[in-house]
Amino acid sequence: MSRTRNRKALALTMALPLLYLAGVAPDAPAGLTLLQESQAVVGAPLTPVSAAGVARRTTRRVVVAETSATQAAAASTAATQQQQAATAQQQAATAQQQAAASRPPGAPASGAVVTALPAGCKPEVRDGVEYQNCGGVYYRAAFQGSNLVYVVQ
């Protein structure tokens with residue numbers, strides 16, 4: 001008798017969870033089914049597995065990643081350009097200071113325009129351009145309108 005009782009207890013132990021999970025479905029065999037009816041339809045736009053949901057999340061991730069990369073690249077480019085401009089400005093100032101230091105005292109500033117050369121100038125050709133060397137100051141001939149002038153180099 002204890003053997004029969006154990007079998008009944010085992011059958012009941014196995015059947016109760018199945019009955020708990022079972023649902024009534026008129027179109028299923030024996031009128032019972034083990035699966036509940038799904039509330040979400042796979043493929044609907046807002047479900048996690050739908051193609052629209054996957055596409056939406058992928059697009060969002062790509063846009064965020066590209067925007068971040070673009071902003072970082074733009075900031076890096078702007079910083080590089082500022083640094084290059086500052087370096088060029090510093091080099092130009094250094095070149096002007098060196099040019100001013102190498103000029104004889106009383107010589108005109110670089111870029112000044114004079115109408116006549118001082119006495120004792122000698123012509124020199126540099127890189128295919130003729131200059132007048134007047135005591136270490138170089139002048140290049142140029143026209144201002146129809147007048148001949150000399151630009152200090």
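Two residues are said to be in side-chain contact when any heavy atoms from C-beta on lie closer than 4.5 Å; Ser110 and Tyr138 fail this criterion. In this structure the side chain of Glu124 never reaches within 4.5 angstrom of the side chain of Lys122, judged on heavy atoms.
For the disulfide bond (SG atoms under 2.5 Å apart) condition, the pairs that include at least one residue of residues 123-153, sequence neighbours left out, are Cys121-Cys134. Residue pairs meeting the disulfide bond (SG atoms under 2.5 Å apart) criterion with at least one member in residues 63-94, sequence neighbours excluded, do not occur.
Looking at residues two or more places apart in sequence or on another chain, you find a side-chain contact (heavy atoms from CB on, under 4.5 Å) between Leu148 and Ala141, Phe143, Tyr150. Residues meeting the side chain to side chain donor-acceptor pair (under 3.5 Å) test with Arg140, sequence neighbours left out: none.
We find the NZ-OG1 distance between Lys8 and Thr13 to be 13.5 Å, quoted to the nearest 0.5 Å.
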Task: Audit row: Thr115, Asn147, side-chain contact (heavy atoms from CB on, under 4.5 Å) steps and yes/no - done: CA-CA 8 Å; Thr115 56; Asn147 299 327; over 6 Å; no
TODO: May I have the step-by-step check of side-chain contact (heavy atoms from CB on, under 4.5 Å) for Gln153 and Tyr139, ending in yes or no?
DONE: CA-CA 6 Å; Gln153 298 299 306; Tyr139 296 85; over 6 Å; no
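Cluster partners of Val149 are Val113, Val151, counting Ile, Leu, Val, Met, Phe, Trp and Tyr whose side-chain heavy atoms approach within less than 4.5 Å, directly or via other members.
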Less than 3.5 Å apart, which donor and acceptor atoms pair up between the side chains of residues 67-84 and the rest of the protein, not counting sequence neighbours?
from, atom 1, to, atom 2, distance (Å)
Thr67, OG1, Val63, O, 2.7
Ser68, OG, Val64, O, 3.0
Thr70, OG1, Glu66, O, 2.7
Thr77, OG1, Ala73, O, 2.8
Thr80, OG1, Ser76, O, 2.8

